[in-house]
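Notes follow once the structure below has been shown.
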Amino acid sequence: MRTKIEPTHHAIATILIDDIISEMVQYLMEDYGYSLEKSLEMVYQSHTVELLQIEEGELYVQSPAYVYDMLIKELHLYPVFDSNAVGKVAESTQGDCPLV
């Protein structure tokens, strides 16, 4: 008979956190055209990822899109609501982002 091994809370949290970070990096690359290196730097230097890694806060139970929205707000990378610039980062906000 096999012994069933139950994953720990920490192991589950680690897997979910890693998945969310991976998704946020991918979203930055797709939404803003950043390189993998730049996207990783932006995510790992953010306050959002610090909050995500606090297991007691359980932010990791939220969807990657929810946490990504927090990151975008933190970095001030709001999309331009202009028909000529749909899907692009506002030129005026790029200077406001400490990591861009």
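Nothing here was measured: the structure is a model prediction, and the numbers come from that model.
The hydrophobic cluster containing Val25 does not contain Ile15, counting ILVMFWY residues as joined when their side-chain heavy atoms lie under 4.5 angstrom apart, directly or transitively.
Between the CG atom of Leu71 and the CG atom of Leu52 there is a distance of 10.0 Å, given to the nearest 0.5 Å. For the atom pair Leu75 CG and Met42 CE, the distance stands at 4.5 Å (nearest 0.5 Å). Within the model, atoms CG of Leu16 and OG of Ser63 stand 12.0 Å from one another, a figure rounded to the nearest 0.5 Å. Distance check, rounded to the nearest 0.5 Å: OG of Ser46 to CD of Glu41 gives 11.0 Å. The CD atom of Gln53 lies 9.5 Å from the OG1 atom of Thr14; values are rounded to the nearest 0.5 Å. Glu23 contributes atom CD, which lies 11.5 Å from atom CG of Leu28 (distance to the nearest 0.5 angstrom).
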Side chains of residues 3-12: which donor-acceptor partners sit under 3.5 Å, not counting sequence neighbours?
{"from": "Thr8", "atom 1": "OG1", "to": "Ala11", "atom 2": "N", "distance (Å)": "3.0"}
{"from": "His9", "atom 1": "NE2", "to": "Tyr60", "atom 2": "OH", "distance (Å)": "2.8"}
{"from": "His10", "atom 1": "ND1", "to": "Glu55", "atom 2": "OE2", "distance (Å)": "2.5"}

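Annotation for Pro64 and Met24: closest pair O-CG, 4.3 Å, computed over non-hydrogen atoms. What you find for Leu51 and Met70 is that their closest heavy atoms are CD1-CE, 4.2 Å. Residues Gln62 and Ile20 come closest through the heavy atom pair O-CD1, 3.6 Å. Across Ile21 and Tyr44, no two heavy atoms sit closer than the pair CG2-OH, 3.4 Å.
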Full working for side chain to side chain contact (heavy atoms under 4.5 Å, CB included) between Val61 and Tyr66
CA-CA 10 Å; Val61 301; Tyr66 178 87; over 6 Å; no
Criterion side chain to side chain contact (heavy atoms under 4.5 Å, CB included) on Ile72 and Tyr27, from CA distance to verdict:
CA-CA 10 Å; Ile72 294 304; Tyr27 292 157; over 6 Å; no
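Looking at heavy atoms from C-beta onward, Lys73 lies out of side-chain contact with Thr48 at the 4.5 angstrom threshold.
Although no hydrogens or angles enter the test, the distance criterion places no donor-acceptor pair under 3.5 Å between the side chain of Ser22 and the main chain of Asp18.
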